[in-house]
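Here's the structure we're looking at; comments come further down.
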Amino acid sequence: MRLFLAIELPELSRHHFAVALDNLRRPWTNIRWVNAANLHLTLKFLGEVEDRAVAPLSDAIHQALRSPEPLQLQPDHAELLPPRGRLRVVAAGISGEVEPLRMLVDQIETACTGCGFRREHRPFRPHITLGRTRVPVPSSSRGALANDLQAYLPAPSFTVTSFSLIESHLGAGGSRYVRLADFPLAGG
Ligand code: ATP
Ligand code: MG
């Protein structure tokens, strides 16, 4: 199964971005906007994982979390990734308690590495993906796109009290996610 670890958005944030997505869909048809139900902040992409590897991985993550505390995050800026060259991802960049979030991701990486997963070497860039390009978007459109997205930013800040292990089912009509486990961030 295809798995990843992510923070799911609370209802208020989800609704905020659902409105943004509805309004961005019409003018920007060359972008495949995500389904609002799928909005998340990816912490670690695990890829294809065997069924029997899931329980040990969950245990290792639980054990690796050292006094995790809830985090306050705020989506506040447009991220068009990569910054140069062919645009692939349209996202809301995250501010707030990003350093504690990095430490959390580091603990997750250590747990996953201990279970045989490859460590992510690209720097962690917290973001909520809103859309992916389906055809090349001219670089001259980047400014207008960022501007249109900025109309919905900053989004409300939210408190992260848990993250989830999610199974992704890829499909022609968009991916479908199923939450398999929850990792609370309160009380250590
Ligand atoms: P689709 O690929 O059909 O657009 P999706 O991206 O929603 O669907 P997945 O590809 O399963 O679904 O990805 C799940 C999450 O993991 C997303 O946040 C995605 O950006 C992230 N992700 C996917 N592949 C990688 C990768 N190779 N490295 C890092 N993150 C990834
Ligand atoms: Mg994908």
Side-chain angles (χ1 to χ4, degrees), residues 1-10 13-14 16-18 20-22 24-25 28-51 53-54 57-58 61 71 73-96 98 101-102 104-137 145 149 152-153 155 158 160 162-183:
M1 53 184 116
R2 183 179 174 96
L3 302 182
F4 65 104
L5 293 158
I7 294 166
E8 295 177 282
L9 297 197
S13 309
R14 204 176 284 283
H16 178 91
F17 283 114
L21 289 165
D22 271 352
L24 290 164
R25 243 177 257 283
W28 295 97
T29 51
N30 45 1
I31 293 167
R32 189 161 50 90
W33 298 97
V34 308
N35 181 338
N38 280 359
L39 287 165
H40 64 272
L41 194 170
T42 302
L43 300 176
K44 168 82 177 162
F45 178 71
L46 296 160
E48 201 55 39
V49 179
E50 292 204 30
D51 291 18
V54 175
L57 176 65
S58 300
I61 294 169
L71 303 172
L73 300 178
Q74 183 166 38
D76 72 343
H77 58 282
E79 287 254 39
L80 303 186
L81 304 169
R84 270 165 293 279
R86 191 192 183 306
L87 176 67
R88 307 190 71 87
V89 168
V90 181
I94 303 289
S95 297
V98 170
L101 179 63
R102 276 182 210 293
L104 175 67
V105 167
D106 210 62
Q107 292 168 20
I108 290 171
E109 285 286 352
T110 301
C112 293
T113 311
C115 292
F117 291 88
R118 281 217 330 263
R119 182 173 278 273
E120 176 63 72
H121 288 295
R122 290 177 297 180
F124 176 61
R125 207 177 170 123
H127 63 271
I128 296 165
T129 297
L130 302 173
R132 298 183 175 86
T133 54
R134 51 172 133 216
V135 292
V137 173
L145 179 55
L149 176 51
Y152 304 95
L153 300 170
F158 60 95
V160 181
S162 70
F163 64 92
S164 304
L165 176 65
I166 300 172
E167 180 175 6
S168 170
H169 298 270
L170 299 180
S175 48
R176 186 171 59 85
Y177 299 157
V178 178
R179 186 193 306 125
L180 299 184
D182 235 359
F183 302 92

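In each ligand, atom 1 is the first atom listed, and ligand 1 is the first ligand listed.
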R132 versus ligand 1: do any nitrogen or oxygen atoms come within less than 3.5 Å of each other?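 Checking ligand 1 against R132, an N or O pair does fall under 3.5 Å apart.
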Are any of the N/O atoms in T129 less than 3.5 Å from those in ligand 1?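 In fact, backbone or side chain, T129 has no N or O that close.
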Region of R88 engaging ligand 1 - heavy atom pairs below 4.0 Å: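 Contact part for R88 vs ligand 1: neither.
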Select the closest option to atom 26 (C) of ligand 1 among F45, F4, Y177, judged by heavy-atom distance.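 It is F45 that holds the nearest heavy atom.
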Contact between ligand 1 and L170 is defined here as a heavy atom of the residue under 4.0 Å from a ligand atom; is it met?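 Right, L170 reaches ligand 1.
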Side-chain contact test, heavy atoms from C-beta onward, threshold under 4.5 Å: evaluate it for V90 versus L24 and give yes or no.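 Not touching, per the 4.5 Å side-chain cut-off.
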Can you find a heavy atom in the side chain of M1 that is under 4.5 Å from one in the side chain of V54?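 SC-SC contact between M1 and V54 confirmed.
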What protein heavy atom sits nearest [atom], and how far off is it?
| atom | value |
| --- | --- |
| atom 10 (O) of ligand 1 | R2 NH2, 2.6 Å |
| atom 17 (C) of ligand 1 | H40 NE2, 3.5 Å |
| atom 8 (O) of ligand 1 | S175 OG, 3.3 Å |

Reference residue F183; test side-chain contact (heavy atoms from CB on, under 4.5 Å); the match among S162, S58, S164: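 For F183, the side-chain contact (heavy atoms from CB on, under 4.5 Å) test succeeds with only one of S162, S58, S164, which is S58.
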Hey, what's the ring geometry for Y177 with H40, parallel, tilted or perpendicular (30° and 60° as the breaks)?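 Perpendicular, since the angle between the ring planes exceeds 60°.
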Considering non-hydrogen atoms only, spot the tightest contact between I128 and P75 and give its length.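 Minimum heavy-atom contact is CD1-CG, 4.0 Å.
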Taking all non-hydrogen atoms of both residues, which atom of A6 and which atom of T42 are closest, and how far apart?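 Heavy atoms of A6 and T42 come nearest at CB-CA, 4.0 Å.
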Would you mind listing which atoms of ligand 1 come within a distance below 4.0 Å of any non-hydrogen atom of [X]?
| X | value |
| --- | --- |
| S168 | 9 (P), 11 (O), 12 (O) |
| T42 | 15 (C), 17 (C), 18 (O) |
| R32 | 4 (O) |
| R122 | 28 (N), 29 (C) |

Might you confirm whether atom CZ of R176 has over 12 heavy atoms from other residues, nucleotides or ligands at distances under 6.0 Å?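 Counting other residues, nucleotides and ligands, CZ of R176 stays at 12 neighbours or fewer.
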Look at atom CZ of R118 and say whether more than 12 heavy atoms of other residues, nucleotides or ligands are closer to it than 6.0 Å.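 12 or below, so no.
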